[in-house]
Structures are given as structure tokens and as C-alpha cells.
Amino acid sequence: MEIIYGILNSFWFQAIVKLVLGFMLAGIIGLERSSWSKPAGFRTHALVGISAVLIMLCGEYMSKIYDMDPSRIPAQLLSGIGFIGAGTILRDGFNVKGLTTAAGLLAVTCIGLSIGAGFYLGGIITTLIVYVILSYSYKISDKLDHFDILELDIKIHKDIKESLAQIEECLSNYQVEIKQIKRPKKEEKENESETIHIVGHYNKKGFKKNELLRNITSIETVEEILEEEG
């Protein structure tokens, strides 16, 4: 019995348990990200999670062998994880994508460090909370978020200023608050035509987007209108 108790409490057995548990907990969050086709999925989260556990174990091992501070190596990991998180963040016009996934990677790192330190309860509870946040928070945000971004590329020929004034009036009639109007440079203009990029902010509730686009298209000088997906 003492032999079994000694094995269960040995550093090497505890290391195996921590690595497997860290892999499983990080993998759970990774599976949720994979289900949404996010840039960092199961493999990325599982690798980051198990790496964080290993770093914590490495710090603990080196503290026993070399009598050093076991928190030094994990502290460096938290600084370095920002590089991986930055790789998942993409900027698309006024929209930024990947921030949640980057935050998830940071959470997985902290979970791995907790498991590596032997704080099992904290790691497990945090995993459950993070999973709930990632899986169900959109239901709450959808109820609270009433505004959205409208991005349009409108090709106009002749009377650019007058046409632009008509478009602005049309957007104003549909309560679209214009955030940016970008005209092409001289070398990018097509003869007498210009493609104007407009970014606006509108209230989702009761907004008639198709009707707005039809009204803009009905302006004589408007050749083409394209909506960019955010």
C-alpha cells in the first residue's frame, strides 16, 4: 500500500496526470473554437495548454534541482503567449477578428499553469466557465447589441459631388450615421467614374437594408453598389 501511495504522490506520476488533464481541458475549449471555424482550434489550444503544464512542471523540477524560483519560467510564458495570440487577430476594415480566440489562448495558458501547479479545482472550474462564455455569451450579446456596421463600395459616374450629396441624404433618411467616406486617388480613378467607399453605423431594429440599397441604386449616376461583409 505504501508503494502505491508513494507512486501516486511521486513527481513523475503527478506530471503525467497533469499533462493529460491539461491536454483534456485545453482540448475542450479548442473543440468549441473549432466548431465555429476559428483560426485556432482543437490542436492549437491543446498544444498551448499542454505546453503551459510542461513549463510549470519544468519550473517545479528546476527549483528542486537548482534551487531556483519556480515562477520565473511560467512568467516568461505569459509574456510570450502574446505572439501566438497576435497571430490569430485579423483586421478587416473597421472590424477586428480573432480577439476572442486570442483571449481563449491566454485562458488556456493560465489553465495549463494552474494544472501544472497542482491547482486542479481552479483549472477545471475555469475551463467550465470559459467554455460557457465562448458557447453561450453570443445569445446575451445579440440581445444587447442593436447596432451594426454598413460598408458600401459605390461606383459613380459624372457629377461626383452632387451624387455623393444624394447618397448622403439617402443614408440619412434611413438613420445611417456615416463614419467614413473614402474617395480614390487620382491614379485609381476610371475615366469619369469613381468608386466611393462609405462606412456607416445603423440600428439593426427595423432597418430596411434592401430598400436602402435599391434607393441608392436608383440614383442615375450610380453604376454599381457592393456591400462588404464585416
Side-chain angles (χ1 to χ4, degrees), residues 29-41 44-45 82 85-107 130-230:
I29 296 174
L31 286 173
E32 193 282 336
R33 293 284 83 190
S34 294
S35 67
W36 290 90
S37 301
K38 297 300 180 181
T44 303
H45 282 76
T88 67
I89 300 173
L90 303 171
R91 186 175 181 85
D92 182 16
F94 273 64
N95 299 311
V96 177
K97 299 178 181 180
L99 281 175
T100 302
T101 300
L105 289 173
L106 176 60
V130 170
Y131 186 85
V132 169
I133 290 171
L134 294 175
S135 299
Y136 303 105
S137 60
Y138 74 94
K139 293 183 178 180
I140 299 174
S141 62
D142 282 350
K143 293 180 179 179
L144 297 177
D145 184 16
H146 299 298
F147 296 92
D148 206 349
I149 296 294
L150 179 68
E151 290 192 62
L152 301 175
D153 283 322
I154 305 173
K155 189 174 182 181
I156 306 171
H157 70 90
K158 297 180 181 180
D159 302 324
I160 305 300
K161 291 184 179 180
E162 183 179 343
S163 301
L164 194 53
Q166 289 178 304
I167 293 170
E168 290 179 8
E169 183 181 356
C170 192
L171 291 170
S172 178
N173 291 337
Y174 283 83
Q175 284 76 51
V176 176
E177 183 182 351
I178 298 174
K179 295 294 184 181
Q180 182 189 51
I181 297 178
K182 186 177 180 181
R183 297 182 64 177
K185 298 177 182 178
K186 290 183 179 180
E187 57 270 19
E188 296 175 350
K189 293 180 180 180
E190 303 175 12
N191 299 324
E192 296 182 352
S193 298
E194 285 188 22
T195 299
I196 310 296
H197 183 72
I198 298 177
V199 179
H201 198 207
Y202 67 90
N203 192 320
K204 292 179 181 179
K205 189 175 181 180
F207 182 68
K208 299 178 180 179
K209 183 186 294 183
N210 292 335
E211 185 177 308
L212 168 63
L213 297 180
R214 283 198 301 270
N215 285 342
I216 294 176
T217 308
S218 66
I219 299 173
E220 292 183 4
T221 53
V222 173
E223 291 183 356
E224 184 181 28
I225 180 169
L226 295 173
E227 180 188 2
E228 293 190 8
E229 295 185 2

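Note: H201 NE2 to I149 CD1 = 4.5 Å, rounded to the nearest 0.5 Å. Atom CG of L150 and atom CG of L152 lie 4.0 Å apart (nearest 0.5 Å). The CD atom of E151 sits 9.0 Å away from the CD atom of E227 when rounded to the nearest 0.5 Å. In this structure, the separation between CG on L31 and CG on L134 is 12.0 Å, given to the nearest 0.5 Å. To the nearest 0.5 Å, atoms CD (E168) and CD1 (I216) are separated by 11.0 Å. Here the CD1-CD1 distance, from I156 to I196, works out to 4.5 Å after rounding to the nearest 0.5 Å.
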- Task: List the steps and the verdict of side chain to side chain contact (heavy atoms under 4.5 Å, CB included) for S163 and V222.
- Result: CA-CA 8 Å; S163 301; V222 173; 5.6 Å; no

- Message: Using the rule given for side chain to side chain contact (heavy atoms under 4.5 Å, CB included), can you reason through H45 versus L105, listing the C-alpha separation, both sets of side-chain angles and the distance that settles it, and then say yes or no?
- Response: CA-CA 6 Å; H45 282 76; L105 289 173; 3.9 Å; yes

- Could you please spell out the steps behind the side chain to side chain contact (heavy atoms under 4.5 Å, CB included) verdict for E177 and K179? CA-CA 6 Å; E177 183 182 351; K179 295 294 184 181; 3.4 Å; yes

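Partners of Y131 under the ring-ring contact (aromatic ring centres under 6.0 Å, His included) rule, at least two apart in sequence or in another chain, do not exist in this structure. With sequence neighbours left out, E211 forms a side chain to side chain contact (heavy atoms under 4.5 Å, CB included) with Y174, K208, R214, N215.
Side-chain contact check for I160 versus R183: some heavy-atom pair is nearer than 4.5 Å. Counting heavy atoms from C-beta outward, L164 and I154 have side chains that stay 4.5 Å or more apart.
In plain terms, the two heavy atoms of E32 and S135 that are nearest each other are CG-OG, 3.2 Å. Minimum heavy-atom separation, V176 to G200: CG1-CA, 3.9 Å. Contact between H157 and E220 at its shortest, heavy atoms only, is NE2-O, 3.6 Å.
The only option from D153, I181, L226 that meets the side chain to side chain contact (heavy atoms under 4.5 Å, CB included) definition with H197 turns out to be D153.
Between the side chain of T217 and the backbone N or O of L213 there is at least one donor-acceptor pair closer than 3.5 Å.
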